[in-house]
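First comes the structure, then the notes that go with it.
A quick note: this is a predicted structure, and the numbers were derived from the prediction, not measured. Sequence lines set the chain letters: A, B, ... in the order given, protein chains first and strands last, and positions in each chain run from 1. Side-chain atoms are counted along with the backbone in the values below, which use heavy atoms only and exclude waters and symmetry mates.
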Amino acid sequence: MLAGAGSGKTRVLTHRIAYLIEEKGVNPWNIMAITFTNKAAGEMRERVDRLVGFGADSIWVSTFHSSCVRILRRHIESLGFTTNFTIYDTDDQKTLMRHVLKKLDLDPKVYKDRAMLGLISTAKNELVSAAEFELNASGDFRQKKAASVYKEYQSQLKKNNALDFDDLIMKTVELFQNNSEVLNYYQERFRYIMVDEYQDTNTAQFRLISLLAGKYKNLCVVGDDDQSIYKFRGANIENILNFEKSYPGARVIKLEENYRSSQNILHAANEVIRHNRGRKDKTLWTSNEEGPLVQFKQFENAAEEADAIVRDILNSASDYQDCAVLYRTNAQSRLIEEKCLQHNVPYRMVGGVNFYQRKEIKDILAYLKTIANGRDDLSVLRVINVPKRGIGATSIGKVQAFASEREMGIYDAFCRAKAVPGLGKTADKVLGFTEKIEDFRSRLTEETYSIHELIEDILDETGYQKELEAEGEIEYQTRLENIEELINKAISFEGEHEHPELSEFLEEVALVADVDRMDESENRVTLMTLHSAKGLEFPRVYLSGMEDGLFPSMMSISSDNKEDVEEERRLCYVGITRAQKFLMMTAARQRMVNGETRYSKVSRFVEEIPGELLDSSRLEQRLSSRAQSDFDDSGLPWGKSGAAGRTSGVSSFGPGSNAYASKTSKPVSTPGFGKAFTVEKPLSLGYKEGDRVSHIKFGIGEVKEIKDGGRDFEVTVHFDHAGVKKMFASFAKLKLVRE
DNA sequence: ATCTCCTTGTTTTTT
DNA sequence: ACAAGGAGAT
């Protein structure tokens, strides 16, 4: 099925499931629905449950990766791993790769970890094993080196009883190909297979599906070639374009009615995507209302752009949760965030630094992994000296040498620290660590001991929390908060499972991406990259940074491969079609990129939209480049072009309407641009001790204490739900609540 | 063993 | 601009 954006793909899939069960008498047990994200899986699960009712829970609705994990947990022993294997994320992979490069004595300047991992990932996505890679590399010196890196990387993974994300798919394919009994079992089990977002499948995923569907050939895939935006991750657009060739006799159904966007938005999207070659021709139409024109505004710099977006959200009088600001790169989020804080607009940022990539979370998880899987060297090494135990690099090196001599895991070597030559007094410190781990392990065997208790005990008994406390007030607060979120996650996991297993908890955590944690119930503006926005929709969408060189990116423009710009164009198409009722595209004439001011033209994608579909206001070609003093934001964002292009009914703003009129100045950021905002000490706070205030993240609470800390006020608030927090007034942006 | 300064490399990233 | 990793100093 070729389904355009907003044409109700998920609806079709879920109804097909219901149809199969109710009309065709298919056993729900025989149905499998595969998606790419947990979020999509969750959404589908919910809809299927509602539609199907009885038996719905025996349908497999899951992502590629979690399906594979489920299968591997049962059968991976035939591939030489144990069933409690660990899943390595990108950071783990990097760490492991550094070990590999060191071991092979390769110059990290010539053989970069990221490049090597990229090579390996591409290979795995194409189902090329280390051995095959080596064969293909014959002759080329660099390729040969890469092959040895790949080989060593795999053997290290195996030694650690770990798989990386790509392995999850590839090993499952391997399992099916080597073991016809297992394959047959799953072919019988999944007689009806449905795949969402099929345009994003890579070769390995394609093979996996072909194997599963090979017997009964009841395969239904849904996708949109125009929304393929993951080529850089191995997604193979040919999978969908050639579907009819791979499956002769397949019926292709096109869905071209869009139920999401207004006519003007949809027309703009169609106009942009029309410029791509090599796509299945289709033109989306809608019977929705015409809606307002798509807005386009160009600003002098990125700060003005961000400011205008946030102001427009405020002026639109829409709910915050109806608005999304999308951008090409995560780096762009900072300015928008700052402006939201400045204008007291609550926001939620998706992406950026992933929750599970944060140091404190990784530390705790490394402890848990060490406890669950003693063979995971990476995790053991991560926490052996965290908190500091006086076990340094030299001592660890000695143990590693000892371990590799005997071909044992690093943890086992630590346990036998006394036998390691030259450790001396350090051996006792090491044993202190392993004894603690053993202690935790034995507690886990008790029926009543839970995962969240374990986390709390780790914090307390290893001295981890003590070390965090020493880091400083605000740092400590946020880190502890993150850990608390992990504890909450553990508690809810315990609630969902009758016999909560630590390894299962770790697996769930390993497969969760950031978008999944987005809580839609809160009224906040959503900030995210265009990539993370796929599959979502919002009444009001702002596409920021529409500049040539940023979007499309410089890389794609200067690439020899014309298709690279086409992928960016598809990304733009995805962005435009997220909008239901209102779309504004914005650009900045100058922007700081990698520490340098960059001047850019308006994005070619904007130019591709015919003028009559756009309500646009651009800056004159040459403006005085004199830095303006926008100390109190007196420079109207689109002031140079007067009120032109502004939607009617928008209340005016400008000098005087600023909520933060009185400030002492302490300009810190936006170098090169006169004085701008940032965190400044307010003369008065607008609240006093005993008042009720609200915080963007912690909610509502009572002010317990206000201390003048010189440059800023330090405020202690007891929040109703988040507990007592100490924070700096200019940073926290507390707002008085009248009750 | 740990702290501090310097060099380095910076698209996107469902899992 | 900015963060992270590595080398050299304490």
Side-chain angles (χ1 to χ4, degrees), chain A residues 34-41 62-69 87-91 93-95 98 108-109 112-115 117-118 121 124-125 163-169 196-197 199-202 204-205 227-235 326-332 334-335 350-354 356-357 359 385 388-396 426 429 507-516 528-536 545 549-557 559 564 567-568 570-572 574-575 591-598 668-672:
Chain A
I34 295 194
T35 64
F36 276 81
T37 66
N38 292 304
K39 191 179 160 61
S62 58
T63 64
F64 270 103
H65 294 265
S66 55
S67 307
C68 288
V69 171
I87 301 164
Y88 277 0
D89 68 15
T90 331
D91 285 339
Q93 288 178 280
K94 242 185 175 163
T95 317
R98 289 205 192 104
K109 286 200 175 92
K112 300 203 174 112
D113 45 14
R114 267 188 59 176
L117 285 169
S121 176
K124 287 180 178 177
N125 289 158
L163 302 182
D164 65 19
F165 284 130
D166 299 319
D167 279 337
L168 294 177
I169 314 288
D196 198 6
E197 306 276 17
Q199 77 281 354
D200 290 331
T201 50
N202 59 39
Q205 288 158 337
Q227 290 189 67
S228 159
I229 55 174
Y230 284 108
K231 207 181 82 193
F232 69 94
R233 285 208 63 154
L326 310 182
Y327 35 79
R328 177 70 237 265
T329 67
N330 274 311
Q332 292 166 252
R334 236 200 62 235
L335 273 175
V350 178
V353 186
N354 191 316
Y356 291 104
Q357 281 174 353
K359 195 171 82 211
N385 199 28
K388 294 189 181 71
R389 298 188 175 87
I391 304 167
T394 12
S395 308
I396 292 171
T426 321
K429 297 177 188 164
E507 167 189 313
E508 193 170 301
V509 157
L511 296 177
V512 166
D514 229 28
V515 223
D516 306 319
M528 62 184 156
T529 63
L530 286 150
H531 281 88
S532 349
K534 196 173 73 164
L536 306 176
L550 183 66
F551 187 32
S553 72
M554 211 53 201
M555 287 269 217
S556 65
I557 294 174
S559 161
D564 287 358
E567 173 138 328
E568 299 268 314
R570 290 193 291 269
L571 190 56
C572 181
V574 167
R591 174 186 305 273
M592 287 290 246
V593 180
N594 297 343
E596 278 182 338
T597 308
R598 187 193 281 178
V668 190
S669 89
T670 350

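Put simply, CG on A:D564 is 15 Å from P on B:dT11, counting in whole angstrom units. Between A:F165 atom CZ and B:dT13 atom C1' the separation is 11 Å, expressed in whole Å. Between the P atom of B:dT13 and the CG atom of A:L511 lies a distance of 18 Å, rounded to the nearest Å. Look at CD on A:E197: it is 9 Å from C1' on B:dT14, rounded to the nearest Å. If you measure from atom CG of A:L326 to atom C1' of B:dT12, you get 13 Å, rounded to the nearest angstrom. Regarding A:D89, its CG atom lies at a distance of 13 Å from the C1' atom of B:dT13, rounded to whole Å. The nearest whole Å value for the distance from the CG atom in A:N125 to the P atom in B:dT13 is 17 Å. The separation between A:R591 atom CZ and B:dT11 atom C1' is 14 Å, rounded to whole Å.
In this structure A:R328 satisfies the salt bridge (charged side-chain N to carboxylate O under 4.0 Å, His left out) test together with A:E568, sequence neighbours excluded. Under the rule for a side-chain hydrogen bond (donor to acceptor under 3.5 Å, both in side chains), the partners of A:Q93 that lie at least two apart in sequence or sit in another chain are A:Y153, A:D164. Contacts of A:Y230 classified as ring-ring contact (aromatic ring centres under 6.0 Å, His included), with partners at least two apart in sequence or in another chain: A:F232, A:H531. Residues satisfying the side chain to side chain contact (heavy atoms under 4.5 Å, CB included) criterion with A:R98, sequence neighbours excluded, are A:K94, A:D113. Taking the salt bridge (charged side-chain N to carboxylate O under 4.0 Å, His left out) definition, one finds that A:D200 meets it with A:K534, sequence neighbours left out. Applying the side-chain hydrogen bond (donor to acceptor under 3.5 Å, both in side chains) criterion to A:T426, with sequence neighbours excluded, gives no partner residue. Remark: A:E507 pairs with A:R73 by the side-chain hydrogen bond (donor to acceptor under 3.5 Å, both in side chains) rule, at least two apart or across chains.
Using a 5.5 Å limit on the distance between ring centres and a 30° limit on the angle between planes, the aromatic ring of A:F232 counts as stacked on the six-membered base ring of B:dT12.
Distance check, rounded to the nearest 0.5 Å: SG of A:C572 to CD1 of A:I229 gives 11.5 Å.
Using a 4.0 Å heavy-atom cutoff across all strands shown, A:K112 reaches sugar-phosphate atoms only and no base atom. Across all strands shown, A:N330 has heavy atoms under 4.0 Å from sugar-phosphate atoms exclusively, and none from any base. At a threshold of 4.0 angstrom between heavy atoms, the contacts of A:Y230 include nucleobase atoms, whether or not backbone atoms are also involved. Counting non-hydrogen atoms under 4.0 angstrom, A:T529 reaches the backbone sugars and phosphates but no base.
Defined by atom type and a distance below 3.5 Å, a donor-acceptor pair is missing between the side-chain atoms of A:S559 and A:S556. Side chains of A:D166 and A:S121: a donor on one and an acceptor on the other come within 3.5 Å.
Closest approach to the A:T37 side chain among B:dT13, B:dT14, B:dT12 is made by B:dT14 (side chain taken as heavy atoms from C-beta onward).
Note on A:T90: every side-chain N or O is 4.0 Å or more away from OP1 and OP2 of B:dT13. Here A:R114 reaches the OP1 or OP2 of B:dT10: one of its side-chain N or O atoms lies under 4.0 Å away.
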How does each nucleotide of nucleotides 5-10 of chain C score, in 5' to 3' order, for protein heavy atoms under 4.0 Å: base (B), sugar-phosphate only (S), or none (-)? ------
Dump every N/O contact between nucleotides 1-6 of chain B and the protein below 3.5 Å, one line per pair.
from	atom 1	to	atom 2	distance (Å)
B:dA1	OP1	A:G392	N	2.4
B:dA1	OP2	A:T394	OG1	3.2
B:dT2	OP2	A:N385	ND2	3.3

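The residue among A:E568 and A:A510 whose nearest nucleotide of DNA chain B is located toward the 5' end is A:E568.
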